[in-house]
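Reading through the structure tokens given below for one structure.
Just so we're on the same page: letters track the sequence lines, and every chain starts at 1. None of the values given here were measured: they were computed from a predicted structure.
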2 protein chains.
Amino acid sequence: MAGVSQTTVSLVLNGRAEGEVRISQETRDRVLQVIRETGYVADPVARRLADRRNRILGVFTYEAVFPAESADFYHPFLVGIEECAEEAGCDLLLFTSAKVVQGERRRIFSAESRIRLADGCVLLGRTVDKDDLARLLTEGIPFVSVGRRDDAGGPVPYVGADYPPAVRALVERAAALGHRRLAYVGVGVGAESYSDRLRGFTEAVAAVGAEGLHLTSADGLFDTGATAVLAEELADGVAIVRAARERGLDVPRDLSVLVLGAHTTPVRTDIDFTGLRIPRREMGRRAVELLTQVLESGGAPQDMLPCELVEGSTLAPVQNAPVQNAPVQN
Amino acid sequence: MAGVSQTTVSLVLNGRAEGEVRISQETRDRVLQVIRETGYVADPVARRLADRRNRILGVFTYEAVFPAESADFYHPFLVGIEECAEEAGCDLLLFTSAKVVQGERRRIFSAESRIRLADGCVLLGRTVDKDDLARLLTEGIPFVSVGRRDDAGGPVPYVGADYPPAVRALVERAAALGHRRLAYVGVGVGAESYSDRLRGFTEAVAAVGAEGLHLTSADGLFDTGATAVLAEELADGVAIVRAARERGLDVPRDLSVLVLGAHTTPVRTDIDFTGLRIPRREMGRRAVELLTQVLESGGAPQDMLPCELVEGSTLAPVQNAPVQNAPVQN
DNA sequence: TTTTCCAGCTAATACGGATTATCACCGCTA
DNA sequence: TAGCGGTGATAATCCGTATTAGCTGGAAAA
């Protein structure tokens with residue numbers, strides 16, 4: 001329509017017509033005019049094929065993102081991811097095509113894996129298959145994990161929540177309020193985020209000279225003599241409080257309960273737990289930032305974001321024990 | 001690696017090696033073996049370029065989908081969309097690249113519109129620009145709107161909520177409880193969903209022989225003598241109840257308040273409104289179903305899904321007026 | 001023996017852009 | 001008049017796949 005070649009249109013469209021390659025102002029205007037009239041837009045697919053970039057960022061979760069079961073947990077991450085993708089001018093691709101087979105998890109790599117459709121990918125989830133991580137690395141697929149991951153045949157790019165310092169701060173607070181016997185309830189293994197919490201706990205009790213117990217469930221907790229308990233997840237905290245109340249114990253008067261994470265499974269509760277806040281939205285944002293960095297210059301950047309302490313109302317001084325004179329940490 | 005041509009791999013990969021074109025079992029096995037070993041996956045981008053199909057469905061909203069402001073409203077739609085996309089084996093592309101310019105809405109068509117990246121697109125939002133719809137139609141871009149839309153230079157494919165019958169049922173209920181003077185509070189124009197509600201109201205009051213008033217806001221409502229009010233949106237309902245209480249009126253004893261829609265803006269309320277339920281999740285599902293239909297056979301399918309009545313507790317018989325003997329509609 | 005047929009595979013091409021090397025043209029110089 | 005340099009545009013090529021027409025060698029048919 002403008003009487004020029006495809007090349008010329010491409011050059012004009014991409015503003016390449018000013019440096020090395022020259023197109024006269026006249027021709028350029030004519031092309032732009034036609035583009036305006038027809039609303040022509042370069043096919044993004046062809047574009048991607050040619051220059052190996054999509055401006056599409058993939059989001060992979062082993063579970064469905066939206067359904068209520070996990071929505072509350074994933075939502076804040078997605079908010080951050082969306083915000084940052086928007087700023088970066090990228091679209092988000094949700095890998096919903098990988099059907100969740102009965103009783104199994106989604107797989108990143110299947111016969112029809114579409115992971116490569118995107119320029120890079122954000123991995124969301126409590127755990128990620130180590131094999132999957134290794135393969136992502138060996139295949140050179142750019143990605144960033146939301147949540148710290150151990151090496152998988154090489155360093156894994158991630159943005160994690162820095163639990164140890166936050167857990168330590170909580171333990172110090174409890175110690176300052178006279179607690180000398182603390183329990184940690186939760187599996188403490190499996191996901192890196194769990195072991196980080198447990199490690200933080202172990203180190204912290206040692207540092208403050210308190211006694212630390214690790215229980216995998218609330219059972220037996222009340223026989224240990226612990227006056228404060230750190231729950232690995234919100235669900236654990238809720239269960240502990242319920243069990244305590246059934247025994248006629250008051251929280252926090254008789255037992256302080258600190259929660260170390262948001263719910264990953266749906267729990268409805270109005271309890272205003274003392275604990276820490278996982279900076280989920282910030283993690284989402286940061287993951288996209290790191291991903292664009294990986295796309296530009298490669299590497300395996302790793303970043304830990306601090307967890308904020310939540311004041312709450314489930315931590316109190318130990319009963320019948322004088323509060324130490326140590327100042328309350330903040 | 002298998003000592004065969006790219007064509008052969010393509011044929012094997014797509015199972016085309018059985019009909020017209022033949023590949024020996026031996027060769028096929030060899031190719032499949034190598035595919036298994038290397039984890040080779042056809043580049044979806046090249047694939048799309050070649051056969052014009054992606055198995056990617058786009059989701060376009062004028063506002064950001066995830067942020068809290070609109071999350072509660074959009075979420076149920078997305079649940080349905082994701083479910084159905086998963087069943088269809090499609091990935092979802094969220095068009096986050098179109099930046100929301102200060103004070104403006106996102107645009108479907110911009111200089112860098114990426115709408116064509118997807119095979120087709122689901123449009124989400126209270127309103128959709130008529131120009132955008134017209135252009136989608138003329139450019140032959142497959143899409144389905146969530147929410148009924150008036151023609152835009154041609155019929156628009158959509159799945160909508162069927163307000164009129166539900167509104168009518170509510171009006172009939174109110175009438176059966178003695179209400180003869182009903183008010184509708186809301187703009188009643190702008191979005192098709194609003195005019196549908198108002199139209200349902202107007203027709204219903206006429207049908208039951210009651211008196212109907214249309215107010216664009218709650219101001220002046222209490223001078224009209226209306227004993228029941230239908231609020232266009234949840235926010236309107238909340239405002240009305242608040243205003244009523246400030247005047248010392250009890251809801252529903254002195255004033256019945258029916259709500260005709262979910263919140264599109266965030267409102268926190270514990271009021272158990274009588275009203276109707278927009279089948280959002282179902283609409284999301286249906287939208288994807290219709291979209292796949294459009295992709296396969298074209299056309300502009302339109303579907304209206306029924307709204308469910310919500311019993312609630314804000315509808316009561318008119319005070320000082322005998323309840324009519326008419327049976328309560330259900 | 002020559003032709004026909006068919007199974008089994010591949011060369012060539014299309015898809016719609018981005019990129020690069022090249023080309024035509026003009027005015028100017030030697 | 002041949003040579004030269006700069007300007008403005010384009011032909012050719014590539015990206016990785018799907019598709020189609022065609023090629024090859026050997027067996028069956030003529």
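Per the geometry, CD belonging to A/Glu26 stands 10 Å off P belonging to D/dG8, to the nearest Å. Put simply, CG on B/Leu11 is 8 Å from C1' on D/dA18, counting in whole angstrom units. We find that CZ of A/Arg48 is positioned 12 Å from P of D/dT17, with the value rounded to whole Å. Put simply, CZ on B/Arg116 is 14 Å from C1' on C/dG17, counting in whole angstrom units. For A/Asp43 and C/dA18, the CG to C1' distance is 13 Å, given to the nearest whole Å. Atom OH of B/Tyr40 is separated from atom C1' of D/dA18 by 11 Å (rounded to the nearest Å). Atom CG of B/Asn14 and atom C1' of D/dG16 are 13 Å apart (whole Å). Rounded to an integer number of Å, the gap from A/Leu49 CG to C/dG16 C1' is 9 Å.
Among the atoms of the strands shown, none is found under 4.0 Å from any heavy atom of B/Val9. Among the protein residues, A/Val45 comes within range of no part of the nucleic acid, since none of its heavy atoms lies under 4.0 Å from any strand.
Summarising the local packing, CZ of B/Arg281 is surrounded by 12 or fewer heavy atoms from other residues, nucleotides or ligands at distances under 6.0 Å. Residue B/Glu37 qualifies as enclosed at atom CD: its count of foreign heavy atoms under 6.0 Å is above 12.
When only modelled atom types and interatomic distance are considered, A/Arg126 and A/Tyr194 share a side-chain donor-acceptor pair under 3.5 Å. Counted by atom type alone, A/Arg36 and A/Gln33 present one or more donor-acceptor pairs between their side chains at under 3.5 Å. Using a 3.5 Å distance cut-off with no hydrogens or angles, the side chains of A/Thr27 and A/Ser24 do pair a donor with an acceptor.
Within the structure, a side-chain polar atom (N or O) of B/Arg47 is placed less than 4.0 Å from OP1 or OP2 of D/dA18. Distances shown here put every side-chain N or O of A/Ser24 at or beyond 4.0 Å from the OP1 or OP2 atom of D/dG8. Side-chain nitrogen and oxygen atoms of A/Ser10 include none within less than 4.0 Å of the OP1 or OP2 phosphate oxygen of C/dG17. Side-chain N/O atoms of B/Thr7 include none lying less than 4.0 angstrom from OP1 or OP2 on C/dT10.
For B/Ser5, the side-chain atoms get nearest to C/dA11 when compared with the rest of C/dG17, C/dA11, D/dG16. Listed nucleotides: D/dT10, D/dT17, C/dT10. Nearest to the side chain of B/Ala50: D/dT17. Looking at the side chain of B/Ile23, the nearest of the listed nucleotides C/dT10, D/dT17, D/dG8 is C/dT10.
Applying the 3.5 Å distance criterion, the base of D/dA18 shares a donor-acceptor pair with the side chain of B/Gln6.
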